[in-house]
Amino acid sequence: MGSESESQIERNQSADEKSRRRKEARDRMMATKNIEKGLLIVHTGKGKGKSTAAFGMVMRAIGHGMKVGIVQFIKGAWNTGERTLLERFPDLCEIKALGEGFTWETQDRARDIRLAEAAWAEAKRMLGDSSFSLVLLDELNIALRYEYISVDDVVDTLKSRRPDLHVIVTGRNAPEALIEAADLVTEMTLVKHPFRDGIKAQRGIEY
C-alpha cells in the first residue's frame with residue numbers, strides 16, 4: 001500500500017508539473033493574441049450541424065446582449081424550433097425566413113432566384129445596420145452553389161463590411177472564394193446519419 005501511495009504521489013506530481021508547463025506555454029501564446037475584429041465564419045461540409053452550430057453562436061451572442069440579424073435563404077418554409085424561440089427576443093434578434101425550401105421541392109428556378117435575391121437584399125440591409133453585432137446568413141452557400149446570386153458580389157460585400165461585425169455563413173459546398181475570405185472555416189464531416197436507415201427528420205433535433 002505504501003509503495004502504491006508513493007507511486008500515485010509521484011504520478012500526481014509529474015502530471016501537475018506538466019500541467020504547469022502547459023499553462024505557462026498557453027499563457028505566453030495568449031499574450032500574443034490581442035487583436036479584436038469582426039470574424040467571417042463559414043460552416044460547410046456534408047455533415048449535419050452547420051446551422052445548428054451557427055444558432056448556438058446566435059444564442060451565445062444574445063446572452064451577451066448583442067443584437068443579431070438572421071436571414072434564412074432556403075429553410076423559410078420550415079417551422080423550425082430555433083425561429084420560434086428567437087422570435088421571443090424581438091429587441092435582440094431580427095429573423096427573416098425568405099426561402100421556400102430546397103430547389104428540388106420548389107421546382108421553380110426563376111422563383112428561387114427572385115427569393116434568393118430578396119434574401120440577399122435583406123442581408124445587405126442587415127450588414128449595413130450598425131445596431132447588429134452578428135449576422136447569420138443561413139444556407140447562403142446553397143444559393144451560391146446554384147448561382148441564384150453572385151459569389152463575387154457576396155464576397156466583396158462581406159469583405160467590405162464594418163470591421164467589428166461578425167458574420168456566419170452556412171451551407172454545404174462553400175465556394176472557394178468565400179473560404180479564402182473567411183477567418184474561420186469549419187467543415188462538418190458526415191460519418192453516420194439516421195436518414196440512411198429510413199428515419200425521418202426529428203422535431204427538436206433537425207428542425
Take Asp129 and Ser131 through the test side chain to side chain donor-acceptor pair (under 3.5 Å) and record every step on the way to the result.
-> CA-CA 5 Å; Asp129 186 336; Ser131 69; 2.8 Å; yes
Could you go through the side chain to side chain contact (heavy atoms under 4.5 Å, CB included) check for Ile149 and Phe73 one step at a time?
-> CA-CA 11 Å; Ile149 50 181; Phe73 281 77; 4.0 Å; yes
Check against side chain to side chain contact (heavy atoms under 4.5 Å, CB included), Leu178 and Leu40 = CA-CA 9 Å; Leu178 179 60; Leu40 175 54; 4.2 Å; yes
Side chain to side chain contact (heavy atoms under 4.5 Å, CB included) assessment of Arg145 paired with Glu139 | CA-CA 10 Å; Arg145 179 189 182 190; Glu139 302 288 6; over 6 Å; no
Determine, stepwise, if the pair Val68 / Phe89 fulfils side chain to side chain contact (heavy atoms under 4.5 Å, CB included).
-> CA-CA 10 Å; Val68 178; Phe89 301 90; over 6 Å; no
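The two residues Ala53 and Met188 make their nearest non-hydrogen contact at CB-CE, 4.0 Å. Heavy atoms only, all atoms of each residue included: Ala174 and Asn141 are closest at CB-ND2, 3.5 Å. Shown here for Lys96 and Met126, the closest heavy-atom pair between the two residues is CG-CE, 3.8 Å. Contact detail for Gly171 and Thr44: the closest heavy-atom pair is O-OG1, 2.9 Å. Annotation for Leu115 and Leu98: closest pair CD2-O, 3.5 Å, computed over non-hydrogen atoms. The shortest non-hydrogen separation linking Leu134 to Ala61 is CD2-CB, 3.9 Å.
Contact of the Ile9 side chain with the Gln13 side chain is registered, since non-hydrogen atoms from C-beta on lie closer than 4.5 Å. Contact of the Thr157 side chain with the Lys124 side chain is registered, since non-hydrogen atoms from C-beta on lie closer than 4.5 Å. In this structure the side chain of Ile95 never reaches within 4.5 angstrom of the side chain of Leu136, judged on heavy atoms. When side chains are defined from C-beta on, Met57 does not count as touching His166, because their heavy atoms never get closer than 4.5 Å. At least one side-chain heavy atom of Leu85 sits less than 4.5 Å from a side-chain heavy atom of Met59. Counting heavy atoms from C-beta outward, Trp120 and Leu137 have side chains that approach closer than 4.5 Å. Residues Ile62 and Leu86 meet the side-chain proximity criterion, which asks for heavy atoms closer than 4.5 Å.
Separating the NZ atom in Lys23 from the CZ atom in Arg28 is a distance of 11.0 Å, to the nearest 0.5 Å. Ile142 CD1 to Tyr148 OH: the interatomic distance, rounded to the nearest 0.5 Å, is 9.5 Å. Summarising the geometry, atom CG belonging to Asp164 is positioned 11.0 Å from atom CG belonging to Leu39; distances are rounded to the nearest 0.5 Å. Note that SG of Cys93 is 11.0 Å distant from CZ of Arg83, once rounded to the nearest 0.5 Å. For the atom pair CG (Leu127) and CG (Leu165), the distance works out to 6.0 Å, reported to the nearest 0.5 Å.
Val58 and Ile74 fall into different hydrophobic clusters, where Ile, Leu, Val, Met, Phe, Trp and Tyr side chains are chained together by heavy-atom contacts under 4.5 Å. Transitive grouping of hydrophobic side chains (ILVMFWY, heavy atoms separated by less than 4.5 Å) keeps Leu144 and Ile70 in distinct clusters. Hydrophobic clustering, with ILVMFWY side chains joined whenever heavy atoms are under 4.5 angstrom apart, groups Ile113 together with Tyr146. Hydrophobic clustering (side-chain heavy atoms under 4.5 Å, transitive across Ile, Leu, Val, Met, Phe, Trp, Tyr) groups Phe55 together with Leu184. In terms of hydrophobic clustering, with Ile, Leu, Val, Met, Phe, Trp and Tyr side chains grouped at heavy-atom distances under 4.5 Å, Val42 and Val154 are assigned to a common cluster.
Checked for salt-bridge contact, Arg21 and Glu24 miss the test: no charged N lies under 4.0 Å from a carboxylate O. Taking a cutoff of 4.0 Å between a charged side-chain nitrogen and a carboxylate oxygen, Asp108 and Arg114 do not qualify as a salt bridge. Using a 4.0 Å cut-off between charged side-chain N and carboxylate O, Arg125 and Glu122 make a salt bridge.
In Glu17, the CD atom is crowded: over 12 heavy atoms of neighbouring residues, nucleotides or ligands sit closer than 6.0 Å. Heavy-atom contacts from other residues, nucleotides or ligands closer than 6.0 Å to CZ of Arg20 number more than 12. No more than 12 heavy atoms of other residues, nucleotides or ligands sit less than 6.0 Å from atom CZ of Arg60.
If you check the side chains of Arg11 and Ser14, you find no donor sitting under 3.5 Å from an acceptor.
A distance-only check finds no donor-acceptor pair linking the side chain of Glu94 to the backbone of Leu92 [under 3.5 Å]. Between the side chain of His43 and the main chain of Lys50, a donor-acceptor pair closer than 3.5 Å is present. Side chain of Arg161 to main chain of Leu158: a donor-acceptor pair is present (N/O by atom type, distance under 3.5 Å, no hydrogens or angles).
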